[in-house]
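Each ligand, and each atom within it, is numbered from 1 in the order the structure gives. Note that the structure is predicted; figures quoted are calculated from it, not measured.
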Amino acid sequence: MEKAGETIPEIVLNTGHKMPLVGLGCAGQPLPPSEQLVSIFIDAMEIGYRHFDTAALYGTEEALGKAVAKALEIGLIKSRDELFITSKLWSTDADHDLVLPALKQTLGKLGLEYLDLYLIHWPLRLKQGTSVSNFTKDAILPFDMHGTWKAMEECSKLGLTKSIGLSNFTCEKISKLQESATILPAVNQVEMNVGWQQRKLVPFAKEKGIHISAWSPLGGYGTSWGSNAVMENPIIKNIADSRNKTVPQVALRWVYQQGASVIVKSFSKERMKQNLQIFDWELTKEEMDQILQIPQRRAPGTEALVDPTGPYKSLEEFWDGDI
Ligand SMILES: NC(=O)c1ccc[n+]([C@@H]2O[C@H](COP(=O)([O-])OP(=O)(O)OC[C@H]3O[C@@H](n4cnc5c(N)ncnc54)[C@H](OP(=O)(O)O)[C@@H]3O)[C@@H](O)[C@H]2O)c1
Ligand SMILES: *[C@@H]1O[C@H](CO)[C@@H](O)[C@H](O)[C@H]1NC(C)=O
Ligand SMILES: *[C@@H]1O[C@H](CO)[C@@H](O)[C@H](O)[C@H]1NC(C)=O
Ligand SMILES: CC(=O)N[C@H]1CO[C@H](CO)[C@@H](O)[C@@H]1O
């Protein structure tokens, strides 16, 4: 069969389902108007993207759903199974009885019968009605990780999602989850890039058979939460120049060579294409060693979630010391 764009390698998750190793990030601030967003997602499918990463929080589920319907209508894809769609449980719904209704709402917005992957967005519960914009520390409630995961397992048994997983979980939190889990998480989606390489989590997850997906692989360049730590890193710039690649290509290829999947956001057609040109060349051992020299730092942002009187009293406690 002839394919319109680039062919993206896939990995088999511990559930037996395949996932393309590059997914398009569907978060943006500010978002373009809905109609424009729909055509951006259709462009992405034309270019070859088959994996889309959205969340209840992002406000892009409806536009993505419309793009899927349109792609089927115009024959860009033959069936919904050709796509891999991820969404995430927002923290206001992170409690046992709230999970199924939240997933049904997500499916309703996407106009789909099932997700490929449903993730717990943060290891955290927030009071219902809390939005990110007017969020205060007293909105943080104790998080029943075991009950929430049990409900995620129920959703997968109902066939509403093929795989279930986590986001922003540390090694310690995964181990704690395993005490009661009957289904192992398929994926843990975390901040991962050359400036925060997740050196503790990557080998831990590999040993457990949990796949790591990297959000902000370009350091969230130009976003309100991101930085220029990746895009303006001199080591990456040097490698890019000497290899006749762009800085983003080197940064994304590094993630791919770690065995992780790349969740990269671009709403520009040219940059979407550029970000897929990472499969027909590789970084040498020497270049990988140079990248190991890059100083390591997590993106800021978690400070707002810790409070001396809250469930997480310090950043140390939130990240279980891995900071
Ligand atoms: N699980 C979580 O908690 C979590 C947290 C954050 C993000 N995510 C997911 O991960 C996705 C990606 O993360 P992110 O959006 O933070 O950051 P990112 O993918 O590291 O960077 C995105 C930024 O880089 C720009 N960009 C992309 N390709 C480029 C290129 N080739 N050259 C120059 N600039 C380029 C984009 O602008 P243009 O659009 O203008 O190209 C955008 O401003 C999100 O969209 C979301 O799906 C998940
Ligand atoms: C926070 O914002 C949301 C959405 O904008 C709103 O529904 C809610 O009432 C607000 N909550 C508070 C405490 O102001
Ligand atoms: C560098 O890369 C560009 C874009 O892929 C290509 O057009 C050009 O021929 C390359 N130059 C060299 C010297 O390889
Ligand atoms: C709790 C925490 O640090 N969360 C990170 C994971 O996801 C959000 C974005 O969805 C990031 O902004 C946070 O830094």
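Atom OH of Y221 sits in a sparse spot, with 12 or fewer heavy atoms from other residues, nucleotides or ligands closer than 6.0 Å. Heavy atoms of other residues, nucleotides or ligands lying less than 6.0 angstrom from NZ of K313 number more than 12. The number of heavy-atom neighbours closer than 6.0 Å to NZ of K206, taken from other residues, nucleotides and ligands shown, is 12 or below. Annotation for K70: atom NZ does not count as buried by contact number, only 12 or fewer foreign heavy atoms lying within 6.0 Å. Under a cut-off of 6.0 angstrom, the local environment of NZ in K66 is sparse, with at most 12 non-hydrogen atoms contributed by other residues, nucleotides or ligands.
Those atoms of ligand 1 that come under 4.0 Å of a heavy atom in C26, given as number and element, are 45 (O), 47 (O). Every atom of ligand 1 is numbered from 1 in the order shown, and the set under 4.0 Å from a heavy atom of N168 is 3 (O). Applying the 4.0 Å criterion to heavy atoms of S167 picks out, from ligand 1, the atoms 1 (N), 2 (C), 3 (O). For ligand 1, the atoms lying closer than 4.0 Å to a non-hydrogen atom of G25 are 11 (C), 44 (C), 45 (O), 47 (O). Within the listing of ligand 1, atoms 20 (O) sit less than 4.0 angstrom from a heavy atom of G219. Taking a cut-off of under 4.0 Å to the non-hydrogen atoms of Y58, the atoms of ligand 1 that pass are 4 (C), 8 (N), 9 (C), 46 (C), 47 (O), 48 (C). Close approach to V264 involves these atoms of ligand 1, each under 4.0 Å from a residue heavy atom: 19 (O). Heavy-atom contacts of A27 reach the following atoms of ligand 1: 44 (C), 45 (O), 46 (C) (cutoff under 4.0 Å).
Side-chain atoms of K173 come within 3.5 Å of backbone N or O of F318 as a donor-acceptor pair. Q197 places a side-chain N or O within 3.5 Å of a backbone atom of I291 that can act as its donor or acceptor partner.
Close N/O approach between K88 and ligand 1 is not found [any backbone or side-chain N/O within under 3.5 Å]. Below 3.5 Å of separation, one finds no N or O of T223 facing any N or O of ligand 1. By the 3.5 Å distance cut-off applied to N or O atoms, G222 is not counted among the residues near ligand 1. Considering backbone and side-chain N/O atoms, S268 never comes within less than 3.5 Å of an N/O atom of ligand 1. At a 3.5 angstrom cut-off on N or O pairs, Y221 counts as close to ligand 1.
Nearest residue to atom 32 (N) of ligand 1 from K269, Q277, E191, R271 is R271 (criterion: closest heavy atom). Distances from atom 16 (O) of ligand 1 to the heavy atoms of P217, S224, S216 put S216 nearest.
There is a protein heavy atom less than 4.0 angstrom from atom 11 (N) of ligand 3. Using a 4.0 Å threshold on non-hydrogen atoms, atom 3 (C) of ligand 3 counts as touching the protein. Protein non-hydrogen atoms do not reach within 4.0 Å of atom 7 (O) of ligand 3.
Inspection of the E287 and T284 side chains reveals an N or O donor paired with an N or O acceptor under 3.5 Å.
Residue-level proximity to ligand 1 for Q274 is carried by the side chain, the only part with a heavy atom below 4.0 angstrom. Of all the heavy atoms of N275, the ones lying under 4.0 Å from any atom of ligand 1 belong exclusively to the side chain.
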Open item on the list: Set out, in order, the CA-CA distance, both residues' side-chain angles and the distance that settles salt bridge (Lys or Arg N to Asp or Glu O under 4.0 Å) for R80 and D116, then state yes or no.
Closed with: CA-CA 10 Å; R80 184 266 175 255; D116 293 282; 2.9 Å; yes

TODO: Show your working on salt bridge (Lys or Arg N to Asp or Glu O under 4.0 Å) between E270 and K273 and close with a plain yes or no.
DONE: CA-CA 5 Å; E270 281 318 303; K273 278 186 198 160; 3.7 Å; yes

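Within the 4.0 Å heavy-atom cutoff, M231 counts among the residues contacting ligand 1. Residue contact check for ligand 1: G226 places no non-hydrogen atom closer than 4.0 Å to it.
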Can you list, pair by pair, the side-chain donor-acceptor contacts under 3.5 Å of residues 11-19, counting residues two or more places apart and other chains?
unit_1 : atom_1 : unit_2 : atom_2 : d
N14    : ND2    : P185   : O      : 3.0
N14    : ND2    : G209   : O      : 3.1
T15    : OG1    : S163   : OG     : 2.8

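With a 4.5 Å cut-off on side-chain heavy atoms, L166 and I210 do not count as touching.
The two residues V255 and M192 have their closest heavy-atom pair at CG2-O, 4.2 Å.
In this structure, Q105 has no side chain to side chain donor-acceptor pair (under 3.5 Å) partners at least two apart in sequence or on a different chain.
Counting only heavy atoms of the protein, atom 5 (O) of ligand 3 lies nearest to N244 ND2, 4.9 Å.
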